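Please read the structure below before turning to the comments.
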Amino acid sequence: MNILVTGGAGFIGSHIVDALLRNGDEVRVLDALLPAAHHVPPAVPDGVDFRRADVRDAGAVADALAGVDAVLHQAAMVGLGKDLSDAPDYVACNDLGTAVLLAGMAAAGVAHLVLAGSMVVYGEGHYTCPRHGHVRPGPRVVGDLEAGRFEPPCPRCGDRLAPGPVTEDAPTDPRNVYAATKLAQEHLAASWARATGGRVAALRYHNVYGPGMPRDTPYAGVASLFRSALERGEPPRVFEDGGQLRDFVHVRDVAAANLAALTGLRSLPAGTARAYNVGSGEPHTVGEAAAALAAARGGIPPVVTGEYRLGDVRHITASSRRLREELRWTPHVPFTQGMTEFATAPLRGD
């Protein structure tokens, strides 16, 4: 197959490109090489048709789509960012860029799309109250966070809740600008599928980590922030009390999920979009991730700061049962092995 990977020079995109090449596919990459993600321009693998252009450039997108069988859309501005001043950039990169791409695909007759989604569309994860069963907590309030009360209470009785894995059928509840743009991408792709008879697999990535992550920027993932601190000889700074549950999934497993979705698209009915969680199924706390990286590097132990970011959620972990059963995907990199490798692996720009 001839595959276009938008954002194919990025952290996840570059691993997907490598996996496609090993699979024998023809690969074309469209990437703007934005400085926030690319301090040093990456090398282009042999055999890749690389196009440096912005996904918002309709002419460049049309050229890149010529002769393509499917698109893996990874191009996006990622992370929580700095503050609301980032909002126009997030909307422009993520939502306008996706709209331009979808319009180009409709014109070119390209009918298969794998979309890089995110677990942030859920907001908080799945919670159970001992008295009231499954409940959805409201946004955390500043007063509680300032007082170190990080666990969201039951909205009906105030009791402590038990977190669990979230499924794709959970209601969406984006709680920051980035999350809102990722959900909008899914809605745009679903509209495109209905209008054109196309097929979409939206892969809701959980906390992806591994070799080639961007260095310490406001848009980097938490694992990269910890790793960068250790490299500077500083302790990783863990927000809240470090007890936030996440599903850390290795980037090689995420690349494999994209290939599985590419194959699975053929079995979806025309005109449909289907979401899939991409997680390891092995929840760990943020504090455990920091401690694992510090131990693997022989560095300074993490410092739990009690700081918080209002847009963060407390617990979000994945049920990836749908991806495993429907697309026959299985993650292969366990947490300890992956974190040990990542502790000394090159970051983007090394």
Side-chain angles (χ1 to χ4, degrees), residues 11-13 15-16 19-20 23 72-74 76 78 112-128 134 136 162-174 179 182-183 185-186 189-190 199-210 213 221-223 244-268 272-286 288-289 292 313-339 341-342:
F11 165 46
I12 297 174
H15 284 271
I16 293 172
L20 289 168
N23 196 50
L72 303 183
H73 183 31
Q74 310 296 312
V78 301
H112 288 171
L113 172 66
V114 178
L115 174 67
S118 174
M119 54 84 175
V120 295
V121 301
Y122 297 117
E124 290 285 354
H126 181 94
Y127 290 89
T128 304
H134 172 56
R136 291 187 59 78
V166 66
T167 67
E168 294 88 350
D169 296 326
T172 53
D173 184 18
K182 295 306 289 183
L183 184 57
Q185 283 184 308
E186 290 194 25
R199 296 171 169 87
V200 179
L203 301 183
R204 292 173 176 171
Y205 302 156
H206 283 248
N207 285 71
V208 186
Y209 74 99
M213 283 191 86
V222 66
Q244 310 93 304
L245 280 169
R246 297 291 187 268
D247 190 323
F248 294 93
V249 58
H250 197 276
V251 66
R252 289 195 296 271
D253 287 330
V254 172
N258 275 267
L259 268 64
L262 190 61
T263 300
L265 280 172
R266 301 169 191 151
S267 62
L268 289 179
T272 63
R274 188 135 174 91
Y276 297 91
N277 285 332
V278 184
S280 68
E282 191 182 350
H284 287 273
T285 67
V286 171
E288 287 172 335
V313 297
R314 179 61 177 173
H315 303 300
I316 177 71
T317 61
S319 168
S320 298
R321 180 176 178 180
R322 178 183 290 182
L323 183 60
R324 292 168 184 255
E325 293 184 351
E326 293 186 9
L327 303 185
R328 306 302 179 192
W329 171 84
T330 302
H332 291 288
V333 184
F335 177 81
T336 300
Q337 175 188 328
M339 287 293 173
E341 175 201 19
F342 178 56

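Here the structure is a predicted model, which means the values were calculated and not measured.
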Which heavy-atom pair separates A255 from A19 by the least distance, and what is that distance?
-> CB-CB, 4.3 Å

Mind listing the closest non-hydrogen atom pair of G125 and I316 along with its distance?
-> CA-CD1, 3.7 Å

Tell me, with the steps shown, if F11 and V208 meet side chain to side chain contact (heavy atoms under 4.5 Å, CB included).
-> CA-CA 10 Å; F11 165 46; V208 186; 3.9 Å; yes

For H315, the ring-ring contact (aromatic ring centres under 6.0 Å, His included) test, sequence neighbours excluded, returns none

Please round to the nearest 0.5 Å and tell me the distance separating atom OG1 of T172 and atom OH of Y122.
-> 9.0 Å

Shortest non-hydrogen separation from S320 to W329 and the atoms involved = CB-CZ3, 4.2 Å

Which of these, E341, Q337, H15, sits in a side chain to side chain donor-acceptor pair (under 3.5 Å) with H250?
-> E341

May I ask you to decide if T167's main-chain N or O and R321's side chain share a donor-acceptor pair within less than 3.5 Å?
-> no

CZ/R274 to CG/L203 distance, rounded to the nearest 0.5 angstrom?
-> 12.5 Å

To the nearest 0.5 Å, tell me how far Y276 OH sits from R324 CZ.
-> 15.0 Å

When rounded to the nearest 0.5 angstrom, what is the spacing between CD1 in I16 and CG in N258?
-> 3.5 Å

Scan side-chain atoms only and decide if D247 and S280 contain a donor-acceptor pair under the 3.5 Å cut-off.
-> yes

Using 30° and 60° as the class limits, which term best fits the ring planes of Y209 and F248: parallel, tilted or perpendicular?
-> perpendicular

Trace of the side chain to side chain contact (heavy atoms under 4.5 Å, CB included) decision for E288 with M339 | CA-CA 10 Å; E288 287 172 335; M339 287 293 173; over 6 Å; no

At what distance, to the nearest 0.5 angstrom, does NE2 of H126 lie from OG1 of T317?
-> 9.5 Å

Examine distances only and state if a side-chain atom of R246 and a backbone atom of N207 form a donor-acceptor pair shorter than 3.5 Å.
-> no

Worked check of side chain to side chain contact (heavy atoms under 4.5 Å, CB included) between D169 and R322 | CA-CA 10 Å; D169 296 326; R322 178 183 290 182; 3.1 Å; yes

Ignoring hydrogens and geometry, is there a side-chain-to-backbone donor-acceptor pair from D253 to V333 under 3.5 Å?
-> yes

With the side chain counted from C-beta on, respond yes when Y127 and P163 share a heavy-atom pair under 4.5 Å apart, and no when they do not.
-> yes

dist R314:CZ -> L245:CG (nearest 0.5 Å) comes out at 8.0 Å

So, are R204 and E186 salt-bridged, with charged N and O less than 4.0 Å apart?
-> yes

Measure the shortest side-chain to side-chain distance between Y205 and Q74 over non-hydrogen atoms and say whether it is less than 4.5 angstrom.
-> yes

Would H206 and N277 satisfy side chain to side chain contact (heavy atoms under 4.5 Å, CB included), going step by step from the backbone distance to the final call?
-> CA-CA 7 Å; H206 283 248; N277 285 332; 3.7 Å; yes

Check: Q185 side chain, G117 main-chain N or O, donor-acceptor pair, under 3.5 Å = no

Search all heavy atoms of A189 against all heavy atoms of L113 and return the closest pair with its distance.
-> CB-CD2, 4.0 Å

Considering only heavy atoms from C-beta outward, does the side chain of P334 approach that of E282 to under 4.5 Å?
-> yes

Are T263 and L327 close enough that some pair of their side-chain heavy atoms sits under 4.5 Å apart?
-> no

